[in-house]
There are 2 protein chains.
Amino acid sequence: MVKMSDVAEKANVSKATVSRVLRNPEAVKKDTRDKVLAIIEQMNYQPNILARHFRRSQTNTILVVVPNIMNTVFSHILGGIEHAAGENGYRVLLANTNKQVEREYEYLDHLKQRQVDGMILLSARMDKNVLTEVMKQFPVVLTADYLEGVAIPTVTIDNVSSARTATEHLINMGHSRIAHITGPLHLLVSQDRLKGYRQALLQNGLAFDNILIQEGDFSHESGYNQMTKLMALEKPPTAVFSANDEMATGVIKAAKENGLSVPGDLAVVGFDNIKLSAIYDPGITTIAQPTFEMGKKAMELLLEQINGIEMGKRQHVLENELIIRESCGANFKKNG
Amino acid sequence: MVKMSDVAEKANVSKATVSRVLRNPEAVKKDTRDKVLAIIEQMNYQPNILARHFRRSQTNTILVVVPNIMNTVFSHILGGIEHAAGENGYRVLLANTNKQVEREYEYLDHLKQRQVDGMILLSARMDKNVLTEVMKQFPVVLTADYLEGVAIPTVTIDNVSSARTATEHLINMGHSRIAHITGPLHLLVSQDRLKGYRQALLQNGLAFDNILIQEGDFSHESGYNQMTKLMALEKPPTAVFSANDEMATGVIKAAKENGLSVPGDLAVVGFDNIKLSAIYDPGITTIAQPTFEMGKKAMELLLEQINGIEMGKRQHVLENELIIRESCGANFKKNG
DNA sequence: ATACTAAATGTAACCGATTTCATTATGAGT
DNA sequence: ACTCATAATGAAATCGGTTACATTTAGTAT
């Protein structure tokens, strides 16, 4: 393996000059630079990146902590991160936690040991104080999740207002008995979507019926099960706002099996706008999370920190959008 | 930052001994070892991993080259890789190529520069000779794709036989006019699935009608469009084997819109067994690719290479399975 | 030409662990 | 007690760039 000193020798310059040609070309006279570059080319010299990382204690690598890569939402955010990282010469190290806090803690060591230059969390289950301590010392960004009372840079969407939009859409369609199937209520996202649902009802002077709120776990099956319960009510709902798309498919399936037509007898709105919602029959009206953009933005915020640029806003809320398809009854033709 | 020499000093031993305690404990007397360990604990010493990587020119990191992380099949394989990697103390660096060959080539440099200890490709678009050259020097495994005439360790499923199984299933259900919507035919996977389809027809003495073979691109829309074409035929098919699940949903959608019931008037079989196929209405009969296992196996093969273990088989073909749901008409109850 | 400043290059220390080789301690066997 | 093999430890070189600082070269102004 040809190394920098070999190049230096052949070019009749010092290692330092070769190094400068590579990392700080303006500091070298054009003649010298060209000469060195030619030799580099000729000898097919490739710098030893590990030596560089070691010396500079910088790796041009960031760590992305994901609860579960196999989840579409996360893999799309990851896509956005990867994209922005690549554009800026950074590499992405993957950390799948399988939702285990311990693994979050484990990966913290990568930061502390400077194996990576920064970290993007797609879920923060760890202790707030620990995280606060970490973010004081290292570049960290949180996205797709948030924590109250932690001044960590965050990229999210406004789940409350989105849920409100979704629910209001159903209200505007003339529904007054609207059920909500929530996500796991220990998650802030789920609580926020529930909050938005509540707000929409109240602001529109609608009665608020606790029996219409059922907790799911974001799975198809839970949507199916909770909907089955809802249909058994004396006064079943005429519309359902499901906290994600996958549960919405369960809702629709249960409704159909019960002889209800969607959207004829039951209007459904989901959340996330995963591919599935466009493909499903009927197409599911849903709130589109700008997942790719979230990832991209998160990476940009991280870069600002890494480069020591003073950040203005720390909390970034991205716009989301109501995508109207068939399941809510507002549109019987569109495909989306 | 406390370093190894600090520990050595405090423990009254040499750096070498501290290093041995960490990397090769058996080589140190128990007394010394315990003493050093205690000091390490006490001083909260963390070895500088970058220095280690540099010195050993080994990173305990592998590179995974993915055409598109946002694709479920790939993200699941990635899940398997990540799992096996983690279990063996390896980290996963993500390389999304967006299907661009140039990016595959770019990432080759990571290997050559020893920034990673090995590479798993989920798609090989690069030149065969280049790849052959690379795999002679570095640990490489290919999965989810394969190349003819390259002796690279590969983990795949048998697309030909799986497609045959899928098609035969439709034949067994009494169909004789079976269409096939293929994937992009420049991909080996697509060609293989087509081959299997052909074999099934021939082996069962069925007429082989070219008009029933339509090329799609794995998207929902293409399934929809090709099915629309097929239904316009004088003698339309009574069954369709779609080269993936997403296109199968398009097929079903087109059929429904045309007043056909699935499976009543049209039987459909897909491929991949992505979550969607279980959730869709009707549930889609499909071939299950053991994606997670493929990833796991690929990582294991890579580890063997990294550790210099002589590999027996180089080509690993994993078992796949026909998952029977509603869309083929064999089962009207199951949910899957 | 001279002095002085700025640009260009060189020298050498340095990052921190790993590992080879030499040296010393330990223990078994007679 | 003595020899010899083996285990345990230490000293020092090494991995290959980067960078602070010193030195030389070039350029400008007078």
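Letters A, B, ... mirror the listed sequences (proteins, then strands); counts begin at 1. Note that this is a predicted model, so its numbers are computed, not measured.
Note: CD (Gln58(A)) to C1' (dG17(D)) measures 14 Å, nearest angstrom. When the P atom of dT19(D) is taken as reference, atom CG of Asn24(A) falls 9 Å away, rounded to whole Å. One can place NZ of Lys35(B) at 12 Å from C1' of dA8(D), the figure rounded to the nearest angstrom.
Put simply, the side chain of Arg33(B) gets close to the backbone of Val28(B): a donor and an acceptor are under 3.5 Å apart. A donor-acceptor pair under 3.5 Å is absent between the side-chain atoms of Thr132(A) and the main chain of Val150(A), judged by distance alone. Of the possible polar contacts, one joining the Glu104(B) side chain to the Met126(B) backbone as a donor-acceptor pair under 3.5 Å is found. One N or O on the side chain of Asp127(A) and one on the backbone of Asn129(A) form a donor-acceptor pair closer than 3.5 Å. Looking at Gln58(B), its side chain never comes within 3.5 Å of a backbone N or O of Asp117(B) through a donor-acceptor pair. Distance alone, capped at 3.5 Å, places no donor-acceptor pair between the Thr59(B) side chain and the His53(B) backbone.
The C1' atoms of five pairs define one axis at each end of the helix from dA1(C)-dT30(D) to dT30(C)-dA1(D), and these two axes lie 30° apart (to 10°).
Side-chain contact of Asp272(B) with Gln289(B): a donor-acceptor pair under 3.5 Å is present, judged by distance alone.
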Inset, instruction - Classify every nucleotide of nucleotides 9-17 of chain C by which part a protein heavy atom approaches to under 4.0 Å, writing B for the base, S for the sugar-phosphate alone and - for neither, in 5'-to-3' order. - result: BBB--BBBB
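For Arg114(A), the CZ atom sits in a loose shell: 12 or fewer heavy atoms of surrounding residues, nucleotides or ligands are nearer than 6.0 Å.
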